[in-house]
Amino acid sequence: MSNMIEKARESINGLLNAAAAKAAANGQLPAGAVLRGTVEIPKDTANGDYAANHAMAGAKALRMAPRKIAEALIANIDLGGSWFSSVEVAGPGFINFRLADSWYADVLKDVVSEGEDYGRVDVGHGRKLMVEFVSANPTGPMHMGNARGGVLGDALASVLDRAGYKVWREFYVNDAGNQIEKFATSIDARYRQLILGEEAVAFPEDGYHGDDIKELARLFREENGDAYLDKPEAERHKAMADFGLQRNIPKMQSDLLRYGVSYDKWFFESELHNTGYVRETVQALTDRGYTYEKDGALWLATSRILAGNLRRAGKTQEDIDKLDLKDDVLCRANGFYTYFAADIAYHRNKLEKRGFDIAVNVWGADHHGHVARLKGALDALGLDGEHRLDIVLMQLVKLMSNGQEVRMSKRTGKAISLTNLLDDIPVDSARYFFNSRPETPVLFDLELAERQDNENPVYYVQYAHARICTLVSALAAEGHAVPALDAVDASVLTDPSERELIKQLAGLPEEIRLAARDYDPSRINKYVSELAARFHRFYTVCRIKDAQPGVLEARLLLADCVRRVIAVSLGIIGVSAPEKM
């Protein structure tokens with residue numbers, strides 16, 4: 001596991017502190033001088049590859065002008081055996097470093113030696129982390145929001161795995177509660193309409209009106225005839241809910257597998273109720289003094305819990321009053337537990353019973369009001385919900401065609417579902433487009449996603465990979481196989497396009513670290529798109545086939561390293577890396 005960008009920063013810190021100690025020893029800096037600062041990659045690398053601000057950060061403590069400090073440091077710095085060829089002072093006291101040939105060679109070494117594991121970092125230190133995503137109600141087809149959530153969750157799980165976490169993927173099936181009763185009521189109404197006529201049976205106003213419900217009712221009647229017409233309502237509804245779920249859930253699983261999404265576990269809400277875990281969790285909150293009875297229902301003192309958290313965070317009572325915090329019902333007067341009670345129990349199950357260190361949920365932005373309440377409930381249970389539960393909120397999806405928003409499927413004329421989408425759009429395009437910044441809405445251009453040219457960003461990246469595969473194959477046929485690393489002199493790779501390409505290769509571990517930190521797998525899209533762009537520029541400027549001996553081999557190895565890293569990057573976001581296009 002190597003991060004050459006981070007290693008370069010650490011090396012600069014070490015070189016500057018060694019120089020500070022030496023400068024203090026000979027009287028150029030005050031005794032005991034210890035410098036701390038940041039090392040950044042400047043946007044314009046004309047004056048250096050890395051810039052350190054240690055001299056400016058230490059000016060106040062050392063009571064010296066930043067530029068004088070920087071000059072003293074440079075006078076005492078020893079770059080021998082380091083990854084840097086030169087260092088100089090710039091502006092008010094920046095210290096600029098230029099990378100040496102050895103750093104570029106070591107990047108290629110890491111890419112080759114680490115293979116498919118290239119880009120792995122260890123910020124997770126093996127901690128157990130669950131990513132729960134999609135978790136669509138099993139009462140109908142999955143929609144476009146689920147399509148986006150599937151990619152974001154799956155790609156985020158891959159990123160976190162590469163960042164050193166022990167990752168578990170989970171789908172939470174809401175197979176209990178009000179929405180399942182509404183599901184059963186809807187099927188029941190359509191079933192009785194089939195037998196008695198639509199005019200004879202009123203369809204519930206708040207029922208599910210989709211054609212999928214009509215189809216389930218038809219199939220139920222096909223299998224059972226009219227036998228359920230006179231059965232008690234509770235028996236009818238249980239049979240119809242079970243019938244519908246037994247068909248909808250496998251369809252959800254097969255659609256997600258088609259989409260390249262699989263899970264370690266499909267966790268059923270009904271399990272929490274059947275085992276008494278919801279009741280036990282509510283009792284635990286009661287035992288801790290966080291519930292009360294009102295109007296025959298049992299309530300969670302959510303406002304008191306959140307107000308306490310806010311006061312500990314430094315908020316004033318005036319700030320808290322403005323939020324108009326409210327309490328939540330856990331158990332209704334009829335004895336049925338609410339969805340919120342089950343959700344608390346589910347997350348307690350994650351953190352306490354199954355021992356996950358961190359739970360990450362990918363939710364739609366419309367759930368934002370639920371975040372603080374759930375975290376607060378976990379805090380009340382002593383599970384540190386503030387730090388152990390992280391929520392990624394994703395914005396809406398709009399499908400565009402010819403500049404207009406699309407509300408109907410091009411093929412079926414019905415509301416667009418995940419199934420409809422994958423009938424129309426390649427899986428690779430769907431996954432690439434939907435893996436964008438969670439907090440921004442997605443404008444999904446149907447025509448662009450289907451295009452087979454460089455205007456389509458996923459095609460552009462895949463073409464770079466296929467282009468390198470073709471190049472490697474053609475040169476192998478002429479007797480130029482990709483050379484071993486120790487057979488190449490990387491110091492001949494001096495063209496700016498070559499150096500910039502190697503720097504981009506070096507960036508994958510850093511992008512993994514940042515994507516894991518920010519829960520933003522879209523960074524990998526941007527990274528691999530830039531890698532493809534830099535390869536195309538390199539390929540235009542630097543001839544490979546006709547290059548001089550030594551240069552040809554080095555450039556061929558560089559191209560093959562790009563091929564490897566494109567494949568790794570696309571694999572992280574679940575997109576294929578074709579060898580031919």
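Both backbone and side-chain heavy atoms feed into the values below; hydrogens, waters and symmetry mates do not.
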task: Check for a donor-acceptor pair, side chain of Ser569 on one end and backbone N or O of Val565 on the other, with a separation under 3.5 Å.
output: yes

- prompt: Does Arg348 make a cation-pi contact with Tyr277, if we ask for NZ or CZ under 6.0 Å from the ring centre and within 45° of the axis?
  reply: yes

message: Under the criterion side chain to side chain contact (heavy atoms under 4.5 Å, CB included), I'd like the reasoning laid out for Ser497 against Arg534: C-alpha separation, chi angles, the key distance, then a yes or no.
response: CA-CA 7 Å; Ser497 68; Arg534 293 192 189 192; over 6 Å; no

message: Checking Thr139 now: which residues fulfil side chain to side chain donor-acceptor pair (under 3.5 Å) with it, not counting sequence neighbours?
response: none

query: To the nearest 0.5 Å, what is the distance between CG (Asp384) and CG (Leu378)?
result: 9.5 Å

query: So with a 6.0 Å cut-off around NZ of Lys526, is the heavy-atom count from everything else above 12?
result: yes

query: Which heavy atom in Asp264 sits nearest to a heavy atom in Val167, and how many Å separate them?
result: OD2-O, 4.2 Å

- request: Check whether NZ of the Lys or CZ of the Arg Lys265 lies under 6.0 Å from the centre of the six-membered ring of Phe171 and within 45 degrees of that ring's axis.
  value: no

task: Please name all residues satisfying ring pair (Phe, Tyr, Trp, His ring centres under 6.0 Å) with Phe203, sequence neighbours left out, ordered by chain then number.
output: His209

message: Is there a side chain to side chain contact (heavy atoms under 4.5 Å, CB included) between Val392 and Asn361? Walk through the geometry before answering.
response: CA-CA 6 Å; Val392 177; Asn361 296 349; over 6 Å; no

- request: State, to 0.1 Å, how close Asp212 and Gly140 come at their nearest heavy-atom pair, and which atoms those are.
  value: OD2-CA, 3.5 Å

Contacts of type ring pair (Phe, Tyr, Trp, His ring centres under 6.0 Å), residue Phe133, not counting sequence neighbours: Tyr263

- line: Sequence neighbours excluded, the answer for salt bridge (charged side-chain N to carboxylate O under 4.0 Å, His left out) partners of Arg563 is Asp560

- prompt: How long is the gap from CG on Asp321 to NZ on Lys315, to the nearest 0.5 Å?
  reply: 13.5 Å

Check: Asp445 side chain, Glu447 main-chain N or O, donor-acceptor pair, under 3.5 Å: yes

query: Are side-chain N/O atoms of Arg258 and Thr419 paired as donor and acceptor at under 3.5 Å?
result: no

- prompt: Are the charged groups of Glu530 and Arg537 less than 4.0 angstrom apart, N to O?
  reply: yes

query: Between Asn309 and Asp379, does any side-chain donor sit less than 3.5 Å from a side-chain acceptor?
result: yes

- prompt: For Arg513 and Asn3, does a side-chain donor sit closer than 3.5 Å to a side-chain acceptor?
  reply: no

- prompt: With a cut-off of under 6.0 Å to the ring centre and 45° to the axis, is Lys350 in cation-pi contact with Phe356?
  reply: no

field: Contact list for residues 359-377, test salt bridge (Lys or Arg N to Asp or Glu O under 4.0 Å), sequence neighbours left out
entry: Asp328-Arg373

field: Gap separating the CG atom of Asp520 from the CD atom of Glu439, nearest 0.5 angstrom
entry: 6.5 Å

query: Which heavy-atom pair separates Ala217 from Tyr191 by the least distance, and what is that distance?
result: CB-N, 3.6 Å

- request: Please report the closest heavy-atom contact between Gly260 and Arg431, naming both atoms and the distance.
  value: O-NH1, 3.3 Å

- request: Kindly write out the residues that satisfy side chain to side chain contact (heavy atoms under 4.5 Å, CB included) with Arg120, not counting sequence neighbours, or none if the list is empty.
  value: Met1, Asp117, Asp161, Arg162

message: Quick check on Glu579: does its CD atom have over 12 non-hydrogen neighbours (other residues, nucleotides or ligands) under 6.0 Å away?
response: no

query: In terms of side-chain geometry, is the basic nitrogen of Glu223 or Arg218 positioned less than 4.0 Å from the acidic oxygen of its partner?
result: no

query: Can Glu510 and Arg9 be counted as an ion pair, charged N to O under 4.0 angstrom?
result: yes

message: Once salt bridge (charged side-chain N to carboxylate O under 4.0 Å, His left out) is applied, do any residues pair with Lys503, and if so which ones, sequence neighbours excluded?
response: Asp49, Glu500

field: For Pro457 against Phe433, the heavy-atom pair lying closest together
entry: CD-CZ, 3.8 Å

statement: Taken in chain and number order and not counting sequence neighbours, the residues that satisfy ring pair (Phe, Tyr, Trp, His ring centres under 6.0 Å) with Phe267 are Tyr346

task: Sort and list the pairs that fulfil ring pair (Phe, Tyr, Trp, His ring centres under 6.0 Å) and have at least one residue in residues 137-167, not counting sequence neighbours.
output: none

- request: Say whether, by atom type as modelled, one donor and one acceptor occur between the side chain of Tyr519 and the main chain of Ile391 under 3.5 angstrom.
  value: no

- request: Step by step, work out the side chain to side chain contact (heavy atoms under 4.5 Å, CB included) result for Met142 and Asp255.
  value: CA-CA 9 Å; Met142 286 182 290; Asp255 279 352; 3.9 Å; yes

Interatomic spacing from CZ in Arg437 to CD in Gln395 - rounded to 0.5 Å: 12.0 Å

message: Over 60° means perpendicular and under 30° means parallel, so tell me whether Tyr339 and His370 are parallel, tilted or perpendicular.
response: tilted

message: For Ser576, is there any backbone N or O sitting under 3.5 Å from a side-chain donor or acceptor partner on Asp428?
response: yes

task: Write down the atom of Asn174, the atom of Ser135, and the distance for their closest heavy-atom approach.
output: OD1-O, 3.8 Å

task: Under the salt bridge (charged side-chain N to carboxylate O under 4.0 Å, His left out) rule, collect the residues that match up with Arg190, sequence neighbours excluded.
output: none

- prompt: ring pair (Phe, Tyr, Trp, His ring centres under 6.0 Å) with Tyr460: which residues, sequence neighbours excluded?
  reply: His536

query: Any idea how Phe538 and Phe535 line up, ring-wise: parallel (<30°), tilted (30 to 60°), or perpendicular (>60°)?
result: tilted

- request: Apply salt bridge (charged side-chain N to carboxylate O under 4.0 Å, His left out) to Asp44 and list each qualifying residue two or more places apart in sequence or on a separate chain.
  value: none

query: Can you tell if the side chain of Pro138 reaches within under 4.5 Å of the side chain of Met252, non-hydrogen atoms only?
result: yes

message: Using modelled atom types and a 3.5 Å cut-off, is there a donor and acceptor pairing between side-chain atoms of Arg388 and backbone atoms of Leu351?
response: yes

field: Residue pair Pro521 / Ile572, side-chain heavy-atom distance below 4.5 Å
entry: no

- request: Calculate, to the nearest 0.5 Å, the distance between atoms CG and OG belonging to Leu421 and Ser429 respectively.
  value: 10.0 Å

message: Does Leu443 have more than 12 heavy atoms from other residues, nucleotides or ligands lying within 6.0 Å of its CG?
response: yes

message: Could you check whether atom NZ of Lys238 has more than 12 heavy atoms from other residues, nucleotides or ligands sitting under 6.0 Å from it?
response: no

query: Does the Asn274 side chain pair with the main chain of Ser270, one donor and one acceptor, at a distance under 3.5 Å?
result: yes

query: So, does Glu269 use its side chain to make a donor-acceptor pair with the main chain of Val173 at under 3.5 Å?
result: no

message: Working to the nearest 0.5 angstrom, can you tell me the gap between Lys43 NZ and Thr45 OG1?
response: 13.0 Å

message: Check this for me, if you would: do Arg169 and Asp154 make a salt bridge, where the nitrogen-to-carboxylate-oxygen distance has to be below 4.0 angstrom?
response: yes

Exercise: do Thr302 and Asp327 side chains pair donor with acceptor under 3.5 Å: no

- prompt: Checking Arg247 against Phe243: charged group under 6.0 Å from the ring centre and within 45 degrees of the axis?
  reply: yes

